[in-house]
**Q** 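Next up is a structure, given as structure tokens.
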Amino acid sequence: MEQFLLDLKQEQFNGSYDLAYKTINHLRKLISQTRWTHAQELMNTIKKEGKRMITAQPSEYVVGNMVRRVLKIIREEYVRLLGESEESANKESLHKMLTAEGNERDDHTKPLKELKTTVIEAVNEYIDEMEASIHNISAQAIEHIHSNEVILTLGKSRTVEAFLKQAAKKRKFHVIVVEGSPLYHGHELAKSLASKGIETTVITDTAIFAIMSRVNKVIIGTHSVLANGGLKAVNGAHMVALAASHHAVPLIVLGAMFKLCLLHYSDIGGSEATFNRLASPQEVLDYYDGGTEELVNVQIYSPTFDYVPPELVTLFISNIGGNAPSYMYRLLSELYHPDDHVL
Amino acid sequence: MATPATAPVNMNNGDAESLTSEQKKQLKKERRKEKNAQKEKHNIPSKPEGQEPKIEKSKAELRAERRAKQEADRAAKASKKSDQVAANTKQKGPRVPANIQADDPKVQKKAAKKLEKQQVPQRTEGQKKVALFSHLHQYERSLSITKNIGFGKNAIHPAIIRLGLQYAEGTVTGSNARCAALMSAICKLISDYETPPQKELSRHLESKLKPAISFLDQCRPLSVSMGSAIKYIKLQITNIPTGMSDSEAKLRLVKSLKEFVHVNIVLAGEAISGYACTKITDGDVVMVFGSSSLITKVLCDAHNAGIQFSVIVVDGRPKLSGRGTLRKLCRVGIKCSYVLVSAASYIMPEVTKVFLGAHGLLSNGYVMGSVGTSMVAMAAKIRGVPVIVCCEAYKFCERVQTDSFVNNEIGDPRDLLVQNKSELTSPLLTNTAWEETDSLKVLHLTYDVTPPDFVAMVVTELGKIPCTSVPVVLRVRSLET
């Protein structure tokens, strides 16, 4: 656990899928190994652990998503074991609210013997769903890419890579990969795609607007999806989205459901900043060039993420299918319980 | 029977020039057949007594018919000729230059022949061209240009060779610098030039200039500023008064070229700086992109005038020319920040004005600048930040273009790659990886065009004008010269 927190603080993880997987495994261990008597006690333990993990790295929303998902799973299993269907429970609560009988609300304190096994089973099911998410998304690839298209993508996203490789099995198309400064992961993606025989061209960030008039679709991955349908994507994605909207090119975002978060965009900076984190300026202007006396007072910015507003996104493709950005808020109610919004 | 047979022969003599003998024979045969057919018609119904006059009449009618037919044919031929002439004159419209037709083998063959005649070595094309840009040349720096340069009588002047190498290696960059360097090299060429006996300076000098320009074009495609300068040089050469001695003419030419640089670059820069500084106020955060000698000058002058502002320099790979701007501004004492172009929209909420330099301004109002200029202008327009382009008037050109594909310069793709992964952490592709994988291509663009609706104002030495007034300025300048 301590090692996990340390990794979070030092940003030692390999992308959001990796982090989500580690978090949920950690939570599963917590459920099976700690002693608890009823659901409320379990939820409190998880909330406490979750708070610790989130404060270690507030800009990684996936951790919070996993914690809230597990809490929702626990609530669901509890309600199921008590023999009430979900729908009737909701109806009852509305009726209860209207008739001001709040005292009878279930506070999850009935001890149930099978709760532990069912919760762990449900969490395992969720982990399987997460592992299969990339496969489910790329299975939809053939519906969205036709022959002789020119597709633009940015940086390196595992989901986009699998998506394009799956489509390349049946269709012939061109891919233009934007380098993605300052980390230049686009080169890795281009090499990987070209090795599968897909016609790939690498361009610099500066040429995005110039090339966009010839592009048919832009397909990018994202770090997280915000509650309003906006994106928290890799640095440079906003410029791509702006260029695409100017040339009326559709922007398709690929992301599994575990990336969907409850939070909205906030550009509060300083110590309370949770949206963005500034990476080392070494990637932008290295010390050899920037450490000279005349440049020592220069401010160098290297943001990690970009906010892309929902108006610029045309379509979301997730493991449960395609959705418009305006619909994403509805999916939140299926994933997380309103009582868990604030941990 | 004999007269009708001979009659067509006489008729034919009238337009014997236009018909060959074979055609005449064929026509004769056809008419004889016609004749016989008509005679048959007349012979069958009529009586033998009335045959002669009827045949006579039909003969006259036939002759008249034939004459009418020949007149009609002549008229048709004349109109066809005039149509062809009209078509030929129509074809002489604006000529499409050969350097954007690299995929047309006929055009390339012609260009190669021309270079051979001028004794200029032709550069070998690079490998693995991007299909979208197959109409443009792609050269690589590693393949030498000067290996095949001769030292004969009609060799290119060494100052020009030096200049060409400086262009190709990237030692001299920036439209103003390239133009000034070109003018000084041409001045040297003119000073060293000796008119051969029995030749006129104005004619022969131009023919000496052509191979030099072709060589420079092979080293690096001519910029808009250089094109403008070359037009000016050619005009000056043709305007030399006929009585002038050679030494006098050469001095006059050199003086006018130096004046061109002084008026159009130095003095224009001063005027533009004066106008642009009125647009910078205290507390401004100015964003600039890449390197532009004019913009750097404007900002330094504004700082020296005592205006308190800070600058954000946006930069892009692979040239990373913004670092040069950053150094120059920091030396003067301006407070600076530095970002890459992917973070331009992140930092844009802080920015109050954007100043951009231009490589050239096109006649339809589009701004041609180094690649990445359009990205910054787009990010600024979305947030309502005004974009001000500073450009000297000699960089305005009559070309029109709506996208960055039809006319551009493709740089060396190896600039985007690393030589070998000596530092294991470098994420960039290596040269070998690029060469080995067939489906992998790398595109290194040099210029892009920004639409005029992104630009609020263009500052030139003639004043502050909107982007769409470029053809007005061009017309005014062409009337002046």
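Note that the structure is predicted; figures quoted are calculated from it, not measured.
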**Q** Heavy-atom distances under 4.5 Å only: say whether P182(A) touches chain B with side chain, backbone, both or neither.
**A** both
**Q** Heavy-atom pairs under 4.5 Å with chain B are the metric here; pick the option from I203(A), V234(A), V150(A), T200(A) that has the most.
**A**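 The option with the most such pairs is T200(A).
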**Q** Who among I300(A), N297(A), I176(A), L242(A) has the most heavy-atom pairs with chain B under 4.5 Å?
**A**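 Winner by heavy-atom pair count: L242(A).
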**Q** Quick one: do the D403(B) and S213(A) side chains pair a donor with an acceptor below 3.5 Å?
**A** no
**Q** Is there a side-chain contact between R414(B) and E435(B), using heavy atoms and a 4.5 Å cut-off?
**A**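 Touching, per the 4.5 Å side-chain cut-off.
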**Q** Which atoms of E293(A) come close to chain B, meaning under 4.5 Å heavy atom to heavy atom: side chain ones, backbone ones, both, or neither?
**A** neither
**Q** Between R331(B), H444(B), K335(B), K441(B), which shows the greatest number of heavy-atom pairs under 4.5 Å with chain A?
**A** K441(B)
**Q** Heavy-atom distances under 4.5 Å only: say whether S195(A) touches chain B with side chain, backbone, both or neither.
**A** backbone
**Q** Can you find a side-chain donor-acceptor pair between S175(B) and K395(B) that sits under 3.5 Å?
**A**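 Indeed, the side chains of S175(B) and K395(B) share at least one donor-acceptor pair under 3.5 Å.
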**Q** For V130(B), is it the side chain, the backbone, both, or neither that has a heavy atom closer than 4.5 Å to a heavy atom of chain A?
**A**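 Answer is side chain: those atoms of V130(B) sit under 4.5 Å from chain A.
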**Q** Specify which of E283(A), K196(A), E188(A), H246(A) makes the most heavy-atom pairs with chain B at under 4.5 Å.
**A** H246(A)
**Q** With a 4.5 angstrom heavy-atom cut-off, could you sort out which part of L285(A) is near chain B: side chain, backbone, both or neither?
**A** both
**Q** Is L326(B) close to chain A through its backbone or its side chain, or both, or neither, when contacts mean heavy atoms under 4.5 Å?
**A** both
**Q** Distance alone, cut at 3.5 Å: any donor-acceptor contact between the side chains of E149(A) and S147(A)?
**A**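 Absent: no donor and acceptor within the cut-off.
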**Q** Could you tell me how the ring of F309(B) sits relative to the ring of H303(B): parallel (under 30°), tilted (30 to 60°) or perpendicular (over 60°)?
**A**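 Perpendicular.
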**Q** Between A207(A), G236(A), P303(A), which has the largest tally of heavy atom pairs under 4.5 Å with chain B?
**A** P303(A)
**Q** Sort D205(A) into side chain, backbone, both or neither according to what part of it lies under 4.5 angstrom from a heavy atom of chain B.
**A** both
**Q** Counting heavy-atom pairs closer than 4.5 Å to chain B, which one of T206(A), L183(A), T292(A) comes out on top?
**A**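 Going by pairs under 4.5 Å, I would pick T206(A).
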**Q** Looking only at the aromatic ring of each residue, does the gap between the centers of F305(A) and Y61(A) stay below 6.0 angstrom?
**A**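 Between F305(A) and Y61(A), which both carry aromatic rings, the centre distance is not below 6.0 Å.
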**Q** Given a strict heavy-atom distance threshold of 4.5 Å, which part of I211(A) is in contact with chain B: side chain, backbone, both, or neither?
**A** both
**Q** Do the rings of H135(B) and F133(B) sit parallel, tilted or perpendicular, given the 30° and 60° boundaries?
**A**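 Plane angle under 30°, so parallel.
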**Q** Would you mind checking which part of I347(B) comes under 4.5 Å of any heavy atom in chain A, side chain (CB onward), backbone (N, CA, C, O), both or neither?
**A** side chain
**Q** If you tally heavy-atom pairs under 4.5 Å against chain B, which of D306(A), L295(A), L154(A) wins?
**A** L295(A)
**Q** Can K297(B) and S292(B) be counted as having a side-chain donor-acceptor contact under 3.5 angstrom?
**A**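 No - no donor-acceptor pair under 3.5 Å links their side chains.
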